[in-house]
Engineer: 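A single structure is presented below for examination.
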Amino acid sequence: MSVASAPYLEFANFVAELSPQAIAGFRPSEAAQARFAELLQRRLDDALTNEEEAELDHFIEMEHVIRIAKAKAKLILERGA
């Protein structure tokens, strides 16, 4: 398993058994948030390796997926209200 696949698997496992309320409230683990912050800082310091750059790109892609999932979940909740 590549380092970058961990956030995808974390989110996929979470979504597999969810309700719209749970999706709307999803937050990545503290470890994932800390790693993302570390990678961002390393980018600002111009100190990322190629592997870390790829890992950061995956985090950014996952953020987009999470935002989409949350937006859809919120629409579902609004329709049900």
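What you are looking at is a predicted structure, and each value in this text was computed from that prediction instead of being measured. Sequence positions, counted from 1, serve as the residue numbers for this chain.
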Engineer: Which heavy atom of Lys74 sits nearest to which heavy atom of Ala24, and what is that distance?
Structural biologist: CG-CB, 4.2 Å
Engineer: Whether the Glu51 and Thr49 side chains hold a donor-acceptor pair (N or O, under 3.5 Å, no angle test) is what I'd like checked.
Structural biologist: no
Engineer: Report the residues that fulfil side chain to side chain contact (heavy atoms under 4.5 Å, CB included) with Leu75, sequence neighbours left out, ordered by chain and then residue number.
Structural biologist: Glu78, Arg79
Engineer: My understanding is that only residues two or more places apart in sequence, or in another chain, count here; which of them pass salt bridge (Lys or Arg N to Asp or Glu O under 4.0 Å) with Arg43?
Structural biologist: Glu53, Asp57
Engineer: Let me confirm one number: the NZ-CG distance from Lys72 to Leu77, rounded to the nearest 0.5 Å.
Structural biologist: 14.0 Å
Engineer: With Ala71, which residues qualify under side chain to side chain contact (heavy atoms under 4.5 Å, CB included), at least two apart?
Structural biologist: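 Here no residue qualifies.
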Engineer: Quick check: closest heavy atoms across Leu48 and Leu39, and the distance to 0.1 Å?
Structural biologist: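 What the structure gives for the nearest pair is CD2-O, 3.7 Å.
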Engineer: To the nearest 0.5 angstrom, please state how far the NE2 atom of His58 sits from the CD atom of Glu55.
Structural biologist: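 Spacing of NE2 (His58) from CD (Glu55) equals 8.5 Å.
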Engineer: Taking only residues two or more places apart in sequence or in another chain, which ones pass salt bridge (Lys or Arg N to Asp or Glu O under 4.0 Å) with Arg67?
Structural biologist: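 Checked Arg67 against salt bridge (Lys or Arg N to Asp or Glu O under 4.0 Å); matches are Glu63.
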Engineer: With sequence neighbours left out, what residues match Asp45 under side chain to side chain contact (heavy atoms under 4.5 Å, CB included)?
Structural biologist: Gln41, Ala47
Engineer: Ile60 and Leu56: side-chain contact (heavy atoms from CB on, under 4.5 Å), yes or no, with the steps?
Structural biologist: CA-CA 6 Å; Ile60 292 168; Leu56 181 57; 4.1 Å; yes
Engineer: Output all residues satisfying side chain to side chain contact (heavy atoms under 4.5 Å, CB included) with Ile23, sequence neighbours left out; order by chain, then residue number.
Structural biologist: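 For Ile23, the residues satisfying side chain to side chain contact (heavy atoms under 4.5 Å, CB included) (neighbours in sequence not counted) are Leu18, Ala69, Ala73.
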Engineer: Pro28 pairs by side-chain contact (heavy atoms from CB on, under 4.5 Å) with which of Gln33, Arg35, Met62?
Structural biologist: Gln33
